[in-house]
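Supplied in structure tokens, the structure appears directly below.
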2 protein chains.
Amino acid sequence: MNGKIFIIEDEPSIIQLVQHNLEKEGFLVASSTNGNDGLKDLKKFEPNLLLLDWMLPDLSGIDICKNIRNNSSHKNLPIIMLTAKGEEEDKIKGLDSGVDDYLTKPFSFNELLARIKAVLRRYDPKVVSNSLEFEDLKLNRFEKRVFRKNIEIQVGPTEFRLLEFFLSNPKRVYSRDQILENVWPNNINVESRTIDVHIRRLRKSINIDKTKELIRTVRSSGYSLI
Amino acid sequence: MNGKIFIIEDEPSIIQLVQHNLEKEGFLVASSTNGNDGLKDLKKFEPNLLLLDWMLPDLSGIDICKNIRNNSSHKNLPIIMLTAKGEEEDKIKGLDSGVDDYLTKPFSFNELLARIKAVLRRYDPKVVSNSLEFEDLKLNRFEKRVFRKNIEIQVGPTEFRLLEFFLSNPKRVYSRDQILENVWPNNINVESRTIDVHIRRLRKSINIDKTKELIRTVRSSGYSLI
DNA sequence: TTAATTTGTAATAAATCTGTAACAAATTAA
DNA sequence: TTAATTTGTTACAGATTTATTACAAATTAA
């Protein structure tokens, strides 16, 4: 486990408990005891997940949550709310305001950990694992390996990045411009037709013996992973 | 809302309640009352989310969940577990086995809906937005795909844009001029009769086997989606 | 260094899409 | 009813888009 977790919580004893245990699990942890500081520090820390107390001295957890969801830079930050209230009404409010999960105090650390893993697994699998998958295709970022049907296949560096990009959003159609922007190093100028050639190379590599085509051409729009 | 939700649950009364309400919300719902059938049907249905009962006649929810997580094709299917047991131990087991959330019976439909939305919003934002529908016709901008009765149909780029335009305002009649303005790239000059030909092409594509005509001709005014 | 691999481009082939014209069919007006 | 208007349908040539190949330059490894 290697993600960064930020905690906004006004009870130091809880911070201490959670931080200590999360660090033992391999997370990098930072925290703040009030909402305004938290929102500021959050930006610098760039966590993969936020643990957010419902009741804070200055802002409410819901306020913070909404603030985050409306602020483009951390729009999609997964949030787990810690709450002392137990009523269903509040729970729903929390979930609808964009919270990913909530936990009622007092909670056991194990329960918290399980939820963190579940949310991260769903939201940001690369934090939990560094392998991207789609059907029988697997890409390991860490080892820089690609497999089809568990058989390793060789792809060049550009094809690797290209596949990595497609795997980050399977089924979504990307235009050649979007592909250029995301797969090629910044400010490099390549002919947009060049992409076709790399697509061809990638296809050639990943379509081993009679496996189905995984890259879809969408005429006048671009390409997608099926 | 337009995602597909699959339910594996052995109590017909719950299925009925949930299915009915989810359909009212715009979801496409299918279900199964036991684990083995469920696992099979799941693959055909390709849902965006699974509601899974903890206790089933044949397999346990946990078994099913693990099976899904280990099976490459639906590895990342979001799962919400429905459980009658309330002990924390079980909850953790569920979450660690890859469940995204769980709900303890009895639950209110609103609570369920809130959770479904929360999970989908995080996991599969394109399901929650980005798709246009009218009756049994569906267009996904994200994937650039068109479906009639859940069967994918192929349309050319211009027909896609044309359909996208009609879907943005079903039932409204558009004149050929309006269609030209909105569907064709700016400053391009095409004969207005050309639209008739594209309408014909679009009709041909979306009217698969005996489905009813969806594009209405309004003589001397234009066309509309029924 | 040399050899091997990777990369971008250009050229050409192949596939698909597009607009128009021509005629048929349907509808409305006289 | 006939004539006029509007829409449906088809075929086709030209245009556009994508696939494929070959090759030279650049990069990397040995």
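Letters A, B, ... mirror the listed sequences (proteins, then strands); counts begin at 1. Source: prediction; values computed, not measured.
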*asked:* What contact category does A:E159 fall into here, base, sugar-phosphate, or nothing, at under 4.0 angstrom with non-hydrogen atoms?
replied: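 Here A:E159 touches the backbone only, sparing every base.
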*For B:Q154 and C:dC17, what is the distance between atoms CD and C1' respectively, to the nearest whole Å?*
14 Å
*Report which part of the nucleic acid B:R176 touches: base, sugar-phosphate, or nothing (heavy-atom distance under 4.0 Å, all strands).*
sugar-phosphate
*Answer yes or no: does a side-chain N or O of A:T158 lie under 4.0 Å from OP1 or OP2 of C:dT7?*
yes
*Test B:I206 against every option in B:L139, B:T211, B:D136, B:L137 by the side chain to side chain contact (heavy atoms under 4.5 Å, CB included) rule and name the one that passes.*
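By the side chain to side chain contact (heavy atoms under 4.5 Å, CB included) criterion, B:I206 pairs with just one of B:L139, B:T211, B:D136, B:L137: B:L137.
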_What is the distance, to the nearest angstrom, from the CZ atom on A:R193 to the P atom on C:dG8?_
15 Å
*Measure the distance from CH2 on A:W184 to C1' on C:dG8 and round it to the nearest whole Å.*
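Nearest whole value for this atom pair: 10 Å.
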_Nearest to the A:H198 side chain among C:dT20, C:dT7, D:dT21, which nucleotide is it?_
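Per side-chain heavy atoms of A:H198, the pick is C:dT7.
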*Heavy atoms from other residues, nucleotides or ligands near CD of B:E135 exceed 12 (cutoff 6.0 Å)*: yes
*May I have the distance from B:F160 (atom CZ) to C:dT16 (atom P), rounded to whole angstrom?*
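Going from CZ in B:F160 over to P in C:dT16 covers 18 Å.
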_Rounded to whole Å, please give me the gap between CD1 in A:I195 and P in C:dT9._
11 Å
*Could you state the atom-to-atom distance from CZ of A:R219 to P of C:dT16 in whole Å?*
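Answer to the nearest Å: 8 Å.
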*Determine the contact category for A:T194: base if any of its heavy atoms lies under 4.0 Å from a base atom, sugar-phosphate if only primed atoms, P, OP1 or OP2 are that close, otherwise nothing.*
base
*How close or far is atom C1' of C:dT7 from atom CZ of A:R201, stated in whole angstroms?*
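Spelled out: CZ on A:R201 to C1' on C:dT7 is 6 Å.
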*Nucleotide forming a Watson-Crick or wobble pair with D:dT28, both distances under 3.5 Å*: C:dA3
*Positive for side-chain hydrogen bond (donor to acceptor under 3.5 Å, both in side chains) with B:E159, one of B:H198, B:R201, B:R203, B:Q154*: B:H198
*Out of D:dT18, C:dT20, D:dT7, which has the shortest distance to the side chain of B:E191?*
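The nucleotide sitting nearest to the side chain is C:dT20.
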*To the nearest Å, give me how far apart NZ (B:K204) and P (D:dT7) are.*
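Atom-to-atom, B:K204 to D:dT7, this comes out as 20 Å.
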_OP1 or OP2 of D:dA19 under 4.0 Å from side-chain N/O of A:Y223_ =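 The answer is yes; a side-chain N or O of A:Y223 sits under 4.0 Å from OP1 or OP2.
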*Can you tell me the Watson-Crick or wobble partner of C:dG19, both distances under 3.5 angstrom?*
D:dC12
_Counting only side-chain nitrogens and oxygens, does B:R203 get under 4.0 Å of the OP1 or OP2 atom of D:dG8?_
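Indeed, a polar side-chain atom of B:R203 lies that close.
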_Pairing of A:R193 and A:E191 as salt bridge, 4.0 angstrom limit_ =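 Salt bridge: no.
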*If you draw a 6.0 Å radius around CD in B:Q178, do more than 12 non-hydrogen atoms from other residues or ligands fall strictly inside?*
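It does: B:Q178 CD has more than 12 such atoms within range.
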